[in-house]
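Have a look at the structure below before the remarks.
Chain naming here is simple, since letters A, B, ... match the order of the sequence lines and numbering starts at 1 in each.
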Protein chains: 2
Amino acid sequence: MDSLRQFTHRLRRRDRRITGPRQAILETLRAQEHPLAIRQIHDALHEPCDLATVYRAMHMLEDMGMVKRFDFGDGTARFELIAEGDDGHHHHLICRNCATVVEIEECFSKKLEQRIANQNGFTALTHKLEFFGLCPTCQ
Amino acid sequence: MDSLRQFTHRLRRRDRRITGPRQAILETLRAQEHPLAIRQIHDALHEPCDLATVYRAMHMLEDMGMVKRFDFGDGTARFELIAEGDDGHHHHLICRNCATVVEIEECFSKKLEQRIANQNGFTALTHKLEFFGLCPTCQ
DNA sequence: TCCTTTTTGCAAATAATTTGCAACTACTAA
DNA sequence: TTAGTAGTTGCAAATTATTTGCAAAAAGGA
């Protein structure tokens, strides 16, 4: 319930509206622990809406920092709701064969990133990292 | 010159042919130190060929392990020639503003990857990792 | 040089995503 | 509660990257 409340609050703050499709999309994302593709979100909605609406909603949620976009390298964006009090920073381990996804909380040390930033004079570093392999079933 | 010779050898071995477009593409890749998008490769060819031919050639070069595909998350595949004696494993630091690319040789320790594999029962792990930030000019 | 197999160019097909626009609806001010 | 305004939606068409079918052209071996 809280994320809906939080959502409402953030929307109002930006003069954005709380609509049926947006609430439904949030519900759908909340029910999943893994990243969902737009198509999957769309198909899972009980009260269906246009695909374009889902695309637009995801952009908005992303801009508002409520959702994180992941890229598994297959040309399809996937999204996860960012849990409360979480920064959403985590990675995935994806089976190359069956596409099973496991969430990975571990990451390399921030020192590495800091060093890379310093050595190249870059600031505000972020990174995208995903692991691929063969899951127990597919080996 | 060597990579062309190597290429010829690998092609013959697989009953593939050495054609103008393929040689031209290799030349183009060799002249660049950064990953190139298909469109860029296509536009850089002196002896032009069809875009579809470039797409097909890149698949072939990738299958032959002569080229590595990178994904900067913008929906466009980029390719780099794999240098001789190199495994092609490296990453990039990309400016979020001007898209400048810096090659990064550093990577996190293999132990991390090994641990992730073990903890989840996965094998044959690989990863995709790219860094993003603001370059000195764009800050 | 001839023959077989691989390649290429071209155009059309896919797929994910974006966009223009008119109809519609959430929110706010009264 | 209601009207007005600004944000949203559905629909269809446009974009972009990439793939594919197919007939004509080219490569490499005999």
- Query: How does each nucleotide of nucleotides 25-30 of chain D score, in 5' to 3' order, for protein heavy atoms under 4.0 Å: base (B), sugar-phosphate only (S), or none (-)?
  - Reply: -BBS--
- Do the charged groups of A/E106 and B/R115 touch, with an N to O distance under 4.0 Å? yes
- Answer with base, sugar-phosphate or nothing: what part of the nucleic acid does B/H42 contact at a heavy-atom distance below 4.0 Å? nothing
- Is the distance between the ring centroids of B/H92 and B/F70 under 6.0 Å? yes
- Message: What is the distance, to the nearest angstrom, from the CD1 atom on A/I25 to the P atom on D/dT8?
- Response: 12 Å
- Message: Closest-nucleotide mapping onto DNA chain D: is A/T53 or B/R69 further toward the 5' terminus? I mean the 5' end.
- Response: A/T53
- Query: Please give, in whole Å, the distance from C/dA15 C1' to B/Y55 OH?
  - Reply: 13 Å
- Task: Please state how far atom CG in B/L11 lies from atom P in C/dT6, giving the value in whole angstrom units.
- Result: 13 Å
- Using atom CE of A/M58 as one end and atom C1' of C/dT18 as the other, report the distance to the nearest whole Å. 16 Å
- Atom CG of B/D74 and atom C1' of D/dT18: how far apart are they, to the nearest Å? 14 Å
- Under 4.0 angstrom between A/H59 side-chain N/O and C/dT17 OP1 or OP2: no
- Message: Under a 3.5 Å distance rule, please check whether A/T53 uses its side chain to pair with a backbone N or O of A/C49 as donor and acceptor.
- Response: no
- Note on the structure: Result for 5'-nearest mapping on DNA chain D, choosing between B/D50 and A/A57, is A/A57
- Message: Applying side chain to side chain donor-acceptor pair (under 3.5 Å), can you list everything that pairs with A/T126, at least two apart in sequence or on another chain?
- Response: B/R96
- Any N/O donor-acceptor pair, A/R14 side-chain to D/dG7 base, under 3.5 Å: no
- For the pair B/R69 and B/E62, find out whether any cationic side-chain nitrogen is under 4.0 Å from an anionic carboxylate oxygen. yes
- Query: With a non-hydrogen cut-off below 4.0 angstrom, is A/R22 in contact with a base, only sugar-phosphate, or nothing?
  - Reply: sugar-phosphate
- Message: Nearest whole Å is fine: how far is C/dA16 C1' from A/F70 CZ?
- Response: 20 Å
- Query: With a 4.0 Å cut-off, would you call A/K110 and A/E113 a salt bridge?
  - Reply: no
- Message: For a quick check of understanding: with a heavy-atom distance under 4.0 Å over all strands, which category does A/A77 fall into, base, sugar-phosphate or nothing?
- Response: sugar-phosphate
- Task: Give the rounded distance in Å between these two atoms: CD of A/E47 and P of D/dT9.
- Result: 11 Å
- Given D/dG10, D/dT20, C/dT17, the nucleotide with the shortest approach to the side chain of A/R56: D/dG10
- Item | B/R10, CZ: over 12 other non-hydrogen atoms inside 6.0 angstrom | yes
- Roughly how many Å is it from CG in A/D63 to C1' in D/dT8, rounded to a whole number? 16 Å
